[in-house]
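On a predicted model such as this, the values are computed, not experimentally measured, just so you know. Index from 1, following the sequence.
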Amino acid sequence: MQRLVTRSDTLQQSYWLHLIGRLYYWLSGWTMKGGMPDVAKSVIVVAPHTSNWDFFVFMMGSFVLQIRGQWLGKHTLFVGPVGWIFRKLGGIPIERSANHDFVSQAVKAVEDSTAITLVIAAEGTRKKSDHWK
């Protein structure tokens, strides 16, 4: 499993990314209220994950809040020229075709970290659903 990057490992997000996120929310007509709690470890549940645009909205929100959450994505997203970008944005590739007991490894990584924000899409699919999995 790839080592999760903790808050202490990350660089402060740039002022420009913060402005880009704020501009996106302003242009979209959305308002972001609140912020991140002042805790070392947190899990953010994003739901429902029904569109590929959800990732973009999440990234803009993380720019506004100036956080770098670690998120899980299927390993095929991390190949080719965009793979390094997704890793830089906090992505963790996972192999879904084999049982690697990823949940236990993710729990252990959170427990072993001094500071981390793990972002999980509750639905885990982009299909419309009446209930969460």
Correct closest heavy-atom pair for M32 and G61 would be CE-CA, 3.4 Å
Interatomic distance, CE@M60 vs OH@Y25, rounded to 0.5 Å, equals 8.5 Å
**Request:** Spell out, yes or no, whether W53 and L23 are grouped together once hydrophobic residues are joined by side-chain heavy atoms under 4.5 Å, including indirect joins.
**Result:** no
Here the pair of heavy atoms bringing K41 nearest to S113 is CE-O, 2.5 Å
Could you check, using the six-membered ring where one of them is a Trp, whether Y24 and F63 have ring centers closer than 6.0 angstrom? no
Rounded to the nearest 0.5 Å, the OG1 atom of T76 sits from the CZ atom of F78 at a distance of 9.0 Å
Min side-chain heavy-atom separation L77-K74 under 4.5 Å: yes
Exercise. In terms of ring plane angle, is the pair H18 and Y15 parallel, tilted or perpendicular, where the classes change at 30° and 60°?
Worked result: tilted
Going hydrophobic residue to hydrophobic residue with side-chain gaps under 4.5 angstrom, can you get from M59 over to L27? no
Scanning both residues in full, the closest heavy-atom pair of S42 with V39 reads CB-CG2, 4.2 Å
Do R68 and T117 come within less than 4.5 Å of each other through their side chains, counting heavy atoms only? no
The reported gap from CD1 in I116 to CD in Q70 (rounded to nearest 0.5 angstrom) is 5.5 Å
Nearest heavy-atom approach of W71 to F86 is CZ2-O, 3.5 Å
(message) Taking the side chain as everything from C-beta on, heavy atoms only, tell me whether W30 gets closer than 4.5 Å to V57.
(response) yes
- Same apolar cluster (I L V M F W Y, side chains within < 4.5 Å links), W26/L19: no
